[in-house]
Amino acid sequence: MKHEHIFIVVISIMFCVLTAVFILFPRSTFSELERRELAVFPEFDRSRLADGSYTRDVSAWFSDTEPMRDRFMLLHLKLKDIMALKLGADSDYVAFHAAEPIVEEPSDEELERRNRDIGEYENTLTEDAHTKVANAGIVILGSGPEVRALMAYGGNEKGGGPFADAVNRYKKHFGKDVNVYCMVIPTAGEYYAPAKVRNRIKPQLPTIRNIYSLLSDSVKAVDVYSVLGNHASEPIYLRTDHHWSPLGAYYAAEKFAEVAKVPFRKLDEYDRKVVPGFVGTMYGYSKDISVKNAPEDFVYYTPRDTTYEATFVNFALDKSFKITGESAPHKAPFFRSYPKSPGMAYSSFMGGDAMIVKVRTGVGNGRRLAIMKDSFGNAVPAYLFGSFEEVHVLDFRYFPRNVVKYVRDNGITDFVFINNIFNAYSDGVAKSYREMLTHK
């Protein structure tokens with residue numbers, strides 16, 4: 001009985017402490033772990049109170065904004081890691097998260113159409129990496145301070161046809177006065193996944209070849225696949241984030257400038273900036289503590305002795321990421337810093353995605369570039385401030401305009417698609433691109 005009383009007292013004390021924490025401590029507003037703004041307290045509305053939606057939103061706010069949210073989540077992940085089943089000190093270490101994709105086999109006719117000259121790459125960097133199997137999906141590779149998280153690609157050789165068709169439509173709408181380029185970016189899994197997980201991570205090169213083979217002759221493919229492969233021993237991808245690194249984006253921008261026939265500045269003409277302690281999105285995606293315990297330096301580059309001025313139109317978004325309003329055009333720095341939040345370092349470029357950015361440079365060559373991109377494209381524009389008279393940055397997720405009118409009104413001479421392989425494979429993304437051609 002004495003032990004039972006002690007147990008009841010301990011549990012009661014813990015309950016009181018947690019109650020005090022949840023009621024008295026400041027509530028969280030942003031999750032560094034999940035890289036998102038947390039729920040806001042809903043405005044009172046009688047009709048929503050009557051149908052129950054108001055109380056549901058209050059409940060969602062209460063659970064989403066718990067005090068010290070990230071600390072509790074981190075504690076949970078550490079306990080989970082301690083209690084995890086170990087396969088032995090000498091066993092390989094690769095953890096999988098999410099579901100294994102189903103892959104269709106291409107027809108012989110489809111394979112014969114892979115006629116674009118895209119370079120090969122053979123991974124020789126991670127064959128001895130430690131591995132361990134957990135779920136299926138995201139791969140956690142290695143151990144200690146050099147852990148790398150990889151997204152598992154599940155596409156096939158037939159993929160990307162709608163995307164290529166959308167790119168061709170843009171060229172047809174723009175006409176002969178606008179050069180159109182297509183850059184499809186592989187993700188890190190293509191270069192760093194060891195052979196033992198190749199049955200989980202499908203090759204991306206066949207999809208990229210398919211997309212480029214379906215482009216019209218008037219669209220210029222930008223082969224960054226082999227360029228990145230040639231530099232794979234360098235830190236061209238972030239270990240803890242799903243993006244490439246600014247160094248990888250530099251090599252891709254160099255290749256684009258070569259195809260576009262514009263001048264390009266060497267890397268030693270830029271100032272090197274370092275954000276230590278960066279842990280990116282793959283920690284939140286994988287919920288694997290080993291990623292948290294392997295922070296890296298986020299290194300980016302700002303142009304030296306270069307004249308440029310950035311004008312922003314920022315979009316307001318609702319909780320579903322739908323555009324609800326926009327700002328007036330205003331001048332703002334292209335590069336941002338987050339000294340108290342190193343996990344936000346990838347937002348050093350423009351501060352995010354939900355915006356249109358127009359950069360005027362000191363180059364007087366009459367070439368005006370529009371970049372239609374996903375978040376991978378954020379790291380590219382600054383490398384081209386010495387190549388084009390203007391650089392316009394547009395994100396396909398946040399562009400409520402008619403793209404043909406925008407190109408015409410701004411005198412765009414060059415238009416490049418910069419998308420990672422997942423978006424280039426997506427029929428939904430291709431649909432979004434087609435809709436922008438006729439948006440009223």
Run the side chain to side chain contact (heavy atoms under 4.5 Å, CB included) check on T361 and T307 step by step: do they pass? CA-CA 5 Å; T361 75; T307 300; over 6 Å; no
Please test H330 against T311 for side chain to side chain donor-acceptor pair (under 3.5 Å), starting from the C-alpha separation and ending with a verdict. CA-CA 5 Å; H330 59 282; T311 301; over 6 Å; no
Stepwise salt bridge (charged side-chain N to carboxylate O under 4.0 Å, His left out) check, R397 with D374: CA-CA 8 Å; R397 298 162 295 181; D374 54 31; over 6 Å; no
Go through it in stages, so that I can follow the logic: the residues are T306 and R265, the test is side chain to side chain donor-acceptor pair (under 3.5 Å), and I'd like the CA-CA distance, side-chain angles, deciding distance and then a yes or no. CA-CA 10 Å; T306 302; R265 297 190 173 190; 2.5 Å; yes
Stepwise side chain to side chain contact (heavy atoms under 4.5 Å, CB included) check, V357 with H392: CA-CA 6 Å; V357 184; H392 297 243; over 6 Å; no
Evaluation steps, side chain to side chain contact (heavy atoms under 4.5 Å, CB included), between I140 and V291: CA-CA 8 Å; I140 307 300; V291 180; 3.8 Å; yes
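Nearest heavy atom pair, residue L150 against residue G189, reads CD2-N, 4.0 Å. Looking at every heavy atom in both residues, G155 comes nearest to T207 through C-OG1, 4.4 Å. When every heavy atom of P263 is checked against every heavy atom of G386, the shortest pair comes out as CG-O, 3.8 Å. Taking each heavy atom of P186 and Y237 in turn, the nearest pair found is O-OH, 2.6 Å. When every heavy atom of V391 is checked against every heavy atom of I371, the shortest pair comes out as CG1-CD1, 4.0 Å. Shown here for G277 and D297, the closest heavy-atom pair between the two residues is N-OD1, 4.3 Å.
At a threshold of 4.5 Å between non-hydrogen side-chain atoms, the residues F256 and V416 count as touching. At least one side-chain heavy atom of L247 sits less than 4.5 Å from a side-chain heavy atom of E234. Proximity of I185 to N419: side-chain heavy atoms (C-beta onward) are nowhere separated by under 4.5 Å. Y212 is listed as a side-chain neighbour of C182, based on a closest heavy-atom distance under 4.5 Å. N179 has its side chain within reach of K220: a pair of non-hydrogen atoms, C-beta onward, lies under 4.5 Å apart. For the pair P206 and N156, the minimum side-chain heavy-atom distance is 4.5 Å or more. In this structure, the side chains of S290 and Y283 stay at 4.5 Å or more apart for every pair of heavy atoms. In this structure, the side chains of L369 and L384 come closer than 4.5 Å at one or more pairs of heavy atoms.
The side chain to side chain contact (heavy atoms under 4.5 Å, CB included) search around S337 returns P339, not counting sequence neighbours. The salt bridge (charged side-chain N to carboxylate O under 4.0 Å, His left out) check on D271 picks up R304, with sequence neighbours excluded. Among residues two or more places apart in sequence or in another chain, the ring-ring contact (aromatic ring centres under 6.0 Å, His included) test is passed with Y250 by F264, Y383. In this view, R272 and V274, V299, Y301 satisfy the side chain to side chain contact (heavy atoms under 4.5 Å, CB included) rule, not counting sequence neighbours. For the side chain to side chain contact (heavy atoms under 4.5 Å, CB included) test, residues two or more places apart in sequence or in another chain that qualify with R401 are V313, F315, E326, I356, F399. Judged as a ring-ring contact (aromatic ring centres under 6.0 Å, His included), and not counting sequence neighbours, the contacts of H231 are Y251. For K266, the salt bridge (charged side-chain N to carboxylate O under 4.0 Å, His left out) criterion is met by E254, not counting sequence neighbours. Here E389 pairs with N365, R368 under the side chain to side chain contact (heavy atoms under 4.5 Å, CB included) rule; sequence neighbours left out. Partners of Y425 according to the ring-ring contact (aromatic ring centres under 6.0 Å, His included) rule, which considers only residues two or more places apart in sequence or in another chain, are Y153. Contacts of H242 classified as ring-ring contact (aromatic ring centres under 6.0 Å, His included), with partners at least two apart in sequence or in another chain: Y285.
Here I418 contributes atom CD1 and L394 contributes atom CG; the two are 11.0 Å apart, rounded to the nearest 0.5 Å. Put simply, NZ on K373 and CG on N423 are 11.0 Å apart, with the number rounded to the nearest 0.5 Å. Taken from CZ in R239 to CE in M282, the straight-line distance is 12.5 Å, to the nearest 0.5 Å. Rounded to the nearest 0.5 angstrom, E157 CD and S213 OG are separated by 11.5 Å. Between S226 atom OG and I208 atom CD1 the span is 10.0 Å, to the nearest 0.5 Å. Atom CE of M151 and atom CD1 of I421 lie 12.0 Å apart (nearest 0.5 Å).
Sequence neighbours left out, not one pair with a member in residues 431-440 passes salt bridge (Lys or Arg N to Asp or Glu O under 4.0 Å).
For the residue pair Y225/Q204, the side-chain donor-acceptor check at 3.5 Å is not satisfied.
Between E390 and R360 there is a salt bridge, with a side-chain nitrogen of the basic residue lying less than 4.0 Å from a carboxylate oxygen of the acidic one. At a threshold of 4.0 Å, the pair K322-D318 does not count as salt-bridged, since none of the basic side-chain nitrogens sits closer than that to a carboxylate oxygen. The residues D414 and R367 are annotated as salt-bridged, a charged nitrogen and a carboxylate oxygen being separated by less than 4.0 angstrom.
Using the six-membered ring where Trp is involved, F349 and Y346 have ring planes that are perpendicular, over 60° apart on the 30 and 60° scheme.
Here the two rings, on F415 and F417, have centers that are under 6.0 Å apart. A centroid separation of 6.0 Å or more is found between the aromatic rings of Y338 and F278.
With S426 contributing its side chain and F422 its backbone, the two residues share no donor-acceptor pair below 3.5 Å. The closest donor-acceptor contact from the side chain of S341 to the backbone of M344 lies at 3.5 Å or more, if one exists at all. The backbone N or O of L238 sits nowhere less than 3.5 Å from a side-chain atom of W244 that would complete a donor-acceptor pair. The closest donor-acceptor contact from the side chain of N402 to the backbone of L437 lies under 3.5 Å.
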Could you go through residues 160-175 and list every donor-acceptor pair under 3.5 Å that involves a side-chain atom there, pairing it with any protein atom two or more places apart or in another chain?
residue	atom	partner	partner atom	Å
D165	OD2	R169	NE	2.9
D165	OD2	R169	NH2	3.3
N168	OD1	S216	N	2.8
N168	ND2	A164	O	3.3
N168	ND2	L214	O	3.0
Y170	OH	Y433	O	2.6
K171	NZ	G175	O	3.2
K171	NZ	V178	O	2.7
H173	ND1	R169	O	2.9

